There are 2 protein chains.
Amino acid sequence: MAIDFHSSIKTLNLKVTPKRLAILDILASEMAYVSPEEVWRKMKERFGKIGLPTVYRNLEDLAQGDLIIKIIHPDRKLYYYFCHNSENGHHHHFICLTCRKVEDLDFCGLEEIKKEVEGHLKGSIVSHLIQVYGLCRGCKQ
Amino acid sequence: MAIDFHSSIKTLNLKVTPKRLAILDILASEMAYVSPEEVWRKMKERFGKIGLPTVYRNLEDLAQGDLIIKIIHPDRKLYYYFCHNSENGHHHHFICLTCRKVEDLDFCGLEEIKKEVEGHLKGSIVSHLIQVYGLCRGCKQ
DNA sequence: AGCTAAATGAAAATTGTTTCTAATTATAAA
DNA sequence: TTTATAATTAGAAACAATTTTCATTTAGCT
Ligand SMILES: [Zn+2]
Ligand SMILES: [Zn+2]
Ligand SMILES: [Zn+2]
Ligand SMILES: [Zn+2]
């Protein structure tokens, strides 16, 4: 069952443009995080001509509306990811250092950490970053 | 008891230069994370003349050697922090987005995650990154 | 003191991202 | 279906943080 990108975009009160649909389509067909530049390359294959700023803007808008996930990578570049299980609730990802495949992790220690931050430190959490790097089943051999 | 920066640097097989000692001294006297540019300003007060690349290089090298911590900030700029409890074993940090204070977190869910990755995904973990951002006790009001 | 590899400073380059403006396009009203 | 209008886009340029290059200096050894 294909995802209804058209109405997803409408929900955000954004116009349904071919560029936006294509960006969602491209991301949804990737198993890995992708950089804006990589999205741009794929967009050029489809449209011939497309500006990099358009890609950046749309990725940002779509992430703002929670249609895609924005990743602040330790390399301090932006990456975006379409998580097919985003209805399954909050989770993180295991990233293969070799083939870049991304796999879902069910466990998120945030509850424990929240207890610590709110209980002991008397602070409040705004966001958190949990990333696990390694070798996937295939790349491990 | 002051920390023996001199031998800390030696351990990394780096030369003990006045610049490196000063950088460690500056970071260790801060209770918050600081940007390379801020370190540079403080360095200029001490040395009069010092290049920004030197600051960047040394911060990176010292972080590489685990003498200081590199902060992955949501604003995607670099920050560094001297953790006074680094001998207390592996831990992560809570980072205040307002006042830049850093506090230790005891909890690290790596064991659970390892179970998931090795058991279910049949992969292996190489490294992990956990940082929690929010408002500290004081900044929460 | 003298040697050598490492560290530094200064300028310039690079990189990823954002801003600007004018032209185009999606949407909804007529 | 046309028209109005507000959002979207392309292209160029700007931008800021960080990194590279390379000539000079310095730390750590003999
Ligand atoms: Zn893999
Ligand atoms: Zn989480
Ligand atoms: Zn604070
Ligand atoms: Zn950990």
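Lettering of chains follows the sequences in order, A, B, ..., and the numbering in each one begins at 1. As the structure is a prediction and not an experimental result, all values here were calculated from the model.
- Here Gln64(B) pairs with Glu60(B) under the side-chain hydrogen bond (donor to acceptor under 3.5 Å, both in side chains) rule; sequence neighbours left out.
- For the helix from dA1(C)-dT30(D) to dA30(C)-dT1(D), the rotation axes defined at the first and last 5 base pairs enclose an angle of 40°, given to the nearest 10°.
- Contact annotation: Arg76(B) side-chain N/O to dT17(C) OP1/OP2 distance is under 4.0 Å.
- Ring orientation note: the planes of Tyr33(A) and Tyr81(A) are nearly perpendicular, at an angle over 60° on the 30°/60° scale.
- Rounded to whole Å, the distance from CZ on Phe47(A) to P on dT25(C) is 12 Å.
- Taking a 4.0 Å limit (strictly below) on heavy-atom distances, residues 32-46 of chain A does not reach DNA chain D anywhere.
- Applying the 6.0 Å contact sphere to NE2 of His91(B) captures more than 12 heavy atoms from other residues, nucleotides or ligands.
- Summarising the geometry, the separation between CD1 on Ile9(A) and C1' on dT27(C) is reported as 14 Å, rounded to the nearest angstrom.
- Around atom CD of Gln141(B), no more than 12 heavy atoms belonging to other residues, nucleotides or ligands sit under 6.0 Å away.
- Residues Val102(B) and Ile69(B) fail the side-chain proximity criterion, which asks for heavy atoms closer than 4.5 Å.
- A salt bridge links Lys42(B) to Glu30(B): at least one charged side-chain nitrogen sits closer than 4.0 Å to a carboxylate oxygen.
- The side-chain hydrogen bond (donor to acceptor under 3.5 Å, both in side chains) search around His73(A) returns Asp75(A), not counting sequence neighbours.
- Nearest heavy atoms, Phe47(A) versus Ala22(A): CE1-CB, 3.5 Å.
- Just one residue in the list Leu27(B), Leu78(B), Thr54(B), Val34(B) forms a side-chain contact (heavy atoms from CB on, under 4.5 Å) with Leu59(B), and that residue is Leu27(B).
- Lys15(A) has its NZ atom 6 Å from the C1' atom of dT27(C), to the nearest Å.
- Taking atom CD of Glu60(A) as the reference point, atom P of dT18(C) lies 7 Å away to the nearest angstrom.
- The shortest heavy-atom contact between Gly65(B) and Leu12(B) is O-CD2, 3.5 Å.
- Put simply, CG on Asp61(B) is 19 Å from P on dA5(C), counting in whole angstrom units.
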Between protein and nucleotides 8-13 of chain C, map the contacts as a letter string: B base, S sugar-phosphate only, - none, heavy atoms under 4.0 Å, written 5' to 3'. BBSB--

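- A donor-acceptor pair shorter than 3.5 Å cannot be found between the side chains of His92(A) and His128(B).
- Other residues, nucleotides and ligands place more than 12 heavy atoms under 6.0 Å from the NE2 atom of His84(A).
- Looking at which nucleotide of DNA chain D each of Leu14(A) and Leu14(B) is closest to, the 5′-most match is held by Leu14(A).
- With a cutoff of under 4.0 Å to any heavy atom of chain A, the contacted region of DNA chain D is bounded 5' to 3' by dA6(D) to dT18(D).
- Just one residue in the list Arg41(B), Glu37(B), Met43(B) forms a side-chain contact (heavy atoms from CB on, under 4.5 Å) with Val39(B), and that residue is Met43(B).
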